[in-house]
Amino acid sequence: QVQLVESVGGLVQPGESLRLSCAVSGRTGDYWAIGWFRQAPGKEREWISCFSFVDESTRYRDVLKGRFITTKEKTKNIVYLQMNNLKIEVDAVYYCASSDAIQACDMDGTIQDYNYWGQGTKVTVSS
């Protein structure tokens, strides 16, 4: 079983940046990629990005490219989501999730591609 623990989100102002972390634990081979998702009230959970443990490649939702960056801590299984120039948006809960598919980051993700989920962390962008 894979366990994922996200850092605490928070309240930020438009234009500011925020970095979320996802600490991953589990057996080698139980996960090959970490994805980030977000879900606003009344909306479907949408995929943001993917980080591959196979080759450390990344993939992003088109509209977020350049503003959101996913990286991994070099010596620990912690995956980050750096969010820059945040825009005024409705409240959203951000989730990290693990996938046991080696090619998970070869295409834009869906909820069905991921097996285990973190508890979610709320981020609010408001002036």
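Looking only at atom types and distance, the side chain of N115 has no donor-acceptor partner in the side chain of S98 under 3.5 Å away. E73 and Y80 are linked by a side-chain donor-acceptor pair at a separation below 3.5 angstrom, with hydrogens and angles left out of the test.
Residue I34 is grouped with residue L64 when hydrophobic side chains (ILVMFWY) are merged at heavy-atom distances under 4.5 angstrom, including chains of intermediate members. No chain of hydrophobic side-chain contacts below 4.5 Å, direct or via other Ile, Leu, Val, Met, Phe, Trp or Tyr residues, connects F51 to Y95. Cluster membership for W47 and Y31, using ILVMFWY side-chain heavy atoms within less than 4.5 angstrom, is not shared. F68 and V63 fall within the same hydrophobic cluster, where Ile, Leu, Val, Met, Phe, Trp and Tyr residues are linked whenever their side-chain heavy atoms come under 4.5 Å apart, directly or through other members. In the hydrophobic cluster analysis, where Ile, Leu, Val, Met, Phe, Trp and Tyr join through side-chain heavy atoms closer than 4.5 angstrom, Y60 is grouped apart from W36.
In this structure, CG in D108 is found 12.5 Å from CD1 in I48, a value given to the nearest 0.5 Å. For the atom pair OG (S99) and CZ (F53), the distance works out to 11.5 Å, reported to the nearest 0.5 Å. Atom-to-atom distance recorded for E56:CD and K74:NZ is 7.0 Å, nearest 0.5 angstrom. Distance check, rounded to the nearest 0.5 Å: OG of S126 to CG of L86 gives 12.0 Å. With rounding to the nearest 0.5 Å, the separation of CZ in R67 from CE in M83 is 10.0 Å. Atoms CD and OG1, on Q82 and T70 in that order, are 10.0 Å from each other to the nearest 0.5 Å.
Among all heavy-atom pairs drawn from Y114 and G35, the shortest one is CE2-N, 3.4 Å. Nearest heavy atoms, L20 versus G9: CD2-CA, 4.0 Å. The two residues N84 and S17 come nearest to each other via the heavy atoms OD1-OG, 3.0 Å. For the pair C105 and S52, the tightest heavy-atom approach, listed with the atom from each and the gap, is SG-N, 3.5 Å. The minimum heavy-atom distance between L4 and C22, with the atom names listed, is CD2-SG, 3.6 Å.
Each salt bridge (charged side-chain N to carboxylate O under 4.0 Å, His left out) pair with one or both residues in residues 13-36, not counting sequence neighbours, appears once here: R27-D30.
Enclosure of atom CD in E44 is not indicated, since only 12 or fewer non-hydrogen atoms of other residues, nucleotides or ligands lie within 6.0 angstrom.
The main-chain N or O of C96 is found under 3.5 Å from a side-chain atom of E6 such that the two form a donor-acceptor pair. Side-chain atoms of K72 come within 3.5 Å of backbone atoms of K76 as a donor-acceptor pair (strictly under, hydrogens ignored).
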(request) Go through L81 and S49 one step at a time and tell me if the side-chain contact (heavy atoms from CB on, under 4.5 Å) criterion holds. (result) CA-CA 8 Å; L81 178 67; S49 68; 3.9 Å; yes
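Side-chain contact between W117 and I111 is present, with heavy atoms from C-beta onward closer than 4.5 Å.
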